[in-house]
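The block underneath contains the structure these notes are about, expressed in structure tokens.
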Amino acid sequence: MEGHYDFKRIEEKWQKYWESRNQHKVTLTADKPKYYVLEMFPYPSGALHMGHIRNYSIGDVVARFKTMKGYNVLHPMGWDAFGMPAENAAIKHGTHPAQWTAANIANMRRQQQQLGTSYDWDREVTTCLPDYYRWTQWLFLLFYHRGLAYRRKAAVNWCPSCQTVLANEQVINGNCWRCDTQVGKKELEQWFLRITDYADRLLKDWELLQGWPDSVKTMQENWIGRSEGAEVIFPIKDREEKITVFTTRHDTLYGVTFMVLAPEHPLVMDLVRGTEREETVRDFVQKAISRRAETRNGEEPGKEGIFLGAYAVNPINGEEISIWVSDYVLMEYGTGAVMGVPAHDTRDFAFTEKYGIPKRIVVIPEKDAPVPEQLTEAYAADGFLVNSGPFNGLPVEEAQEAIADYLEEKGIGRRAVSYKLRDWLVSRQRYWGVPIPIVYCDQCGAVPVPEDQLPVLLPENVVFKPGTVSPLAQVEEFVHTTCPRCGGPARRETDTMDTFICSSWYYFRYTDARNAEAPFGKEAVDYWMPVDQYIGGIEHAVLHLLYSRFFTKVLYDVGLIDCQEPFTNLLTQGMVIKDGAKMSKSKGNVVTPEEIFTKYGADTARLFILFASPPERDLDWSDQGVEGAWRFLNRVWRLVNNNADYIKTAAGGKEALSQADTDLRRQLHETIKKVTEDIEERFNFNTAISAIMELVNGIYRYQDKLEIGEQNPQIVREALEKTVLLLAPFAPHLMEELWHVLGHEDSVHQQEWPAYDPEALVQEETKIVIQVNGKLRERLQVPVGIAQAELEEKVLSLERIRALTAGKEIVKVINVPGKLINIVVK
RNA sequence: GCCGAAGUGGUGGAACUGGUAGACGCGCUGGACUCAAAAUCCAGUGGAGUUCAAACUCCGUGUGGGUUCGACUCCCACCUUCGGCACCA
């Protein structure tokens, strides 16, 4: 036998075998418990990288394990196939996005098959094909008819490099999430989805998501940014209009000494129109707006302001306060107007310091303490009210209730909630996306394309030129159409949809991927959904994962599905890094799946990736670590092959087990227990694999220590077969091979997952650790059932313990049965 | 600034509910096999010290305190790294 196994031959052989048996095809089987495991589908960029390999290896272990556990497992794969890179490639190389994408898909699918993944390819979903995007359009119209999709003119994020707008979630630190270019603002009429309607439900359904990491929940919570407070209505002196502000600190209403409007606030120019301030204010506002467009997030903002010459009246005490405009107030949040309480808000404090506005303290930390003359910084913490009329002496929390009641009673305000979350901007000025199924008619306005006219096909004859806006707008045959309502001439919407819409519902489509009558059938979706285990990168914490939750809730409300959350359990895998940094071409630390497949095969790649670290953590790529995984697989291969004949020929009657037999058998069943728990409860594949390694070492040691005649072939056989079964989800090809080497004719992946035998775990003796004052001093082998009093006596009579306790008082003896005895002496 | 995660040998990482710190792998050292090497198999491997040896002692999980018979694990304060949010009233 040669030194190592022929992975190429073995992996190809069994991939063909599985395919020929249709082994990974899954159908709705109502009497079997289902399990839906899903890895985030990839963008077809051209080739898989190690992050993909990690993602799919984790998913495949879960899928194969659950299959062996008797579940009807849905494990599909598909392509998030619309998006910018295809269009950029078209501009650069002249290939059509459709062809470029199809070629990439073909290559990546080949690599996934090479990895040995157990996908049901009959359910493959490709978002750029009409049989899929037809239903994306259908869903868009469903949102539209429910008032959840609407068009509005707004200042939106604009990426000059991608030549398109972006949703707020897609702007990362002021830069485009895809190309990292700095994002600016543009005033455009665009389509939005009303995700803000679902803000509260997105926040409240956490109890359905016990299986999600806290980090992701916190990130979504911060993003939604719910604040409870009040709106207060301030009349303007000598004018009809009123200004409403949102505040979370209505308890400090008596401390208001000024008011600030956002530069975009409509009242700003109204207040100065016709006064000598008009020009200066207009200048200021324009500069503030353009400055904000240029300011990167993270830069220290200026808090520039200017007085408008007008006064508002504090409704709670009738005081007149100056009205200002400043860039530190945002039009998009709350009401775009803020009451200034410098003594209790750091931003207001800084503003008054700059412009010499007075401060008034209305909260002090200790009840009835003297009110300080001066403040060096704003006091934003808890305390008791002062200078607040009838509310003096109340603690902050009670004062908020009392003042809110008072505002509502007098009709000068009300309790209110405000969110940071904005509606989802979904228009994109690009070609390679789903056409928005809307037609504009001079007579009828915006008209939805009727369902029976779907899909609105993406035209193929498009000219790609760098820097052109909205390529679809240049395709005359596409743009010019007739109005579905009045039959008159009309123009099609030429923007396409954000690709995050495509990925917000693909997991539903998998349950019924070839349905031509509907996005999915009710029976299929109710059987398979929700996804039991979702696996992917944390970078989607507030993008894809938030959008998908939103979609699911809408579809639930419509009655299309029965689940309110799409993903019951979420595993966010860590990055694959090398030499302390994320793999990247510019750093020159890239290892490609292709080279590992060629040198070691897929099983080694999988085993290394799963062994090197637990899935949520970053994984440090190590060539020597890969070598170790390769060596281990060969060690198993050798062990099985060397014993195959021996255990077949020597299958005799059951004899009494020797001590070595019992010990090996105990180790085997302890390993089964541990591996099962590690996979099932914690996804700790690394410790599961290490336990199997120890077992393999144990079998080697058993055979090394005993002459052939002293060994028990039945025990060896049991150990080898179960080792192969335990390793099957991790190294599916080699274990299939070895399963057959052991004389079986069916697939190892269709076997039952081994159960441990509790009787094999029973020990006659156990090791007790003995401590004196908490320090390990001795170990003692004792029978399992030993009486505790007898054990203590035995321990105290040990020579070494007597020496250590001689002349000292034994204060007490701690006895952890079966484990440890600690003698406390003084 | 706020929120979250993490800091353990030369190294990737174990230690699950407070109970033998360092499993398993890598690397390194020694041995077997070989003409030799590769491959493989076996053994050793946290640091310092005592010892012919068997053994034993002390130190040791980012830092400083605390709780406890006993702390990588719990509490308080701090340091460092990574990630998210960032004028959100």
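Letters A, B, ... mirror the listed sequences (proteins, then strands); counts begin at 1.
Shown here, B:G70 is classed anti by the O4'-C1'-N9-C4 or O4'-C1'-N1-C2 angle, which is more than 90° from 0.
Separation of the A:W621 and A:F608 ring centroids falls under the 6.0 Å cut-off. The aromatic ring centroids of A:F683 and A:F685 lie less than 6.0 Å from each other. The aromatic ring centroids of A:F500 and A:W177 lie less than 6.0 Å from each other. When ring centroids are compared, A:H4 and A:W630 come within the 6.0 Å threshold.
Atom name C1', nucleotides B:C41 and B:C33: the rounded distance is 8 Å, in whole Å. Straight-line distance between the C1' atoms of B:C2 and B:A14: roughly 34 Å, to the nearest whole Å. Using atom P as the reference point in both B:U17 and B:A32, the two lie 47 Å apart (nearest Å). Look at the P atom in both B:C56 and B:U45: the space between them is 14 Å, to the nearest Å. Look at the C1' atom in both B:U50 and B:G66: the space between them is 35 Å, to the nearest Å. Between B:C24 and B:G62, the two P atoms lie 22 Å apart (nearest whole Å). The same atom, C1', is picked in B:G19 and in B:U73; the two are 11 Å apart, to the nearest Å. Nucleotides B:G44 and B:A38, compared at atom C1', are 23 Å apart to the nearest Å.
Within the 4.0 angstrom heavy-atom criterion, only backbone atoms of the sugar-phosphate kind lie near A:R777; the bases stay farther away. A:G225 comes within 4.0 angstrom of no nucleic acid atom, judged by non-hydrogen atoms across all strands. A:Y700 comes within contact range of the sugar-phosphate backbone alone, with a heavy-atom separation under 4.0 Å but no base atom that close. Using a 4.0 Å heavy-atom distance criterion, A:P614 is classed as a sugar-phosphate-only contact. At the heavy-atom level, A:K674 lies under 4.0 Å from base atoms of the strands shown. Within 4.0 Å (heavy atoms only), A:D678 reaches no atom of the nucleic acid at all.
Taking 4.0 angstrom as the limit, A:N686 places none of its side-chain polar atoms (N or O) nearer than this to OP1 or OP2 of B:C24. Within the 4.0 Å cut-off from OP1 or OP2 of B:C24, not a single side-chain nitrogen or oxygen of A:R635 is found. Contact annotation: A:R631 does not reach the phosphate of B:A39 (side-chain N/O to OP1 or OP2, under 4.0 Å). In this model, the phosphate group of B:G25 is approached by a side-chain N or O of A:N697 to a distance below 4.0 Å at OP1 or OP2. Between B:C59 and A:K775, a contact under 4.0 Å exists linking OP1 or OP2 to a side-chain N or O. The shortest distance between the side-chain N/O atoms of A:R779 and the OP1/OP2 oxygens of B:A55 is not below 4.0 Å.
Taking atom CZ of A:F246 as the reference point, atom P of B:C87 lies 16 Å away to the nearest angstrom. Rounded to a whole Å, the CZ atom of A:F349 is 20 Å from the P atom of B:C87.
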Per-residue pairing states of RNA chain B in dot-bracket (Watson-Crick or G-U under 3.5 Å; . unpaired, | other strand) read (((((((..(((......[....)))((((((.......))))))(((((....)))))..(((((..]....))))))))))))....

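With hydrogens and angles ignored, no donor-acceptor pair closer than 3.5 Å exists between the side chain of A:R701 and the base of B:C42. Side-chain atoms of A:K812 and base atoms of B:C69 include no donor and acceptor less than 3.5 Å apart. For a distance-only test at 3.5 Å, the side chain of A:N822 qualifies as a donor-acceptor partner of the base of B:C69.
Checked against A:Y328 for a ring pair (Phe, Tyr, Trp, His ring centres under 6.0 Å), the options A:F349, A:Y333, A:F351, A:Y355 give a single hit: A:F351.
Every residue meeting the side chain to side chain donor-acceptor pair (under 3.5 Å) condition with A:T676, not counting sequence neighbours, appears here in chain and number order: A:W753.
No donor-acceptor pair under 3.5 Å is formed between the side chain of A:N314 and the backbone N or O of A:V256.
Heavy-atom distances to RNA chain B give each of A:E778 and A:V542 a nearest nucleotide, and the one nearer the 5′ end belongs to A:E778. Residue order along RNA chain B, read from the 5' end via each residue's closest nucleotide, puts A:S215 first among A:S690 and A:S215.
Remark: A:L545 CG to A:L209 CG distance equals 10.0 Å, nearest 0.5 Å.
Relative to the six-membered ring of A:F730, A:R606 misses at least one condition, a distance below 6.0 Å or an angle of at most 45° to the axis.
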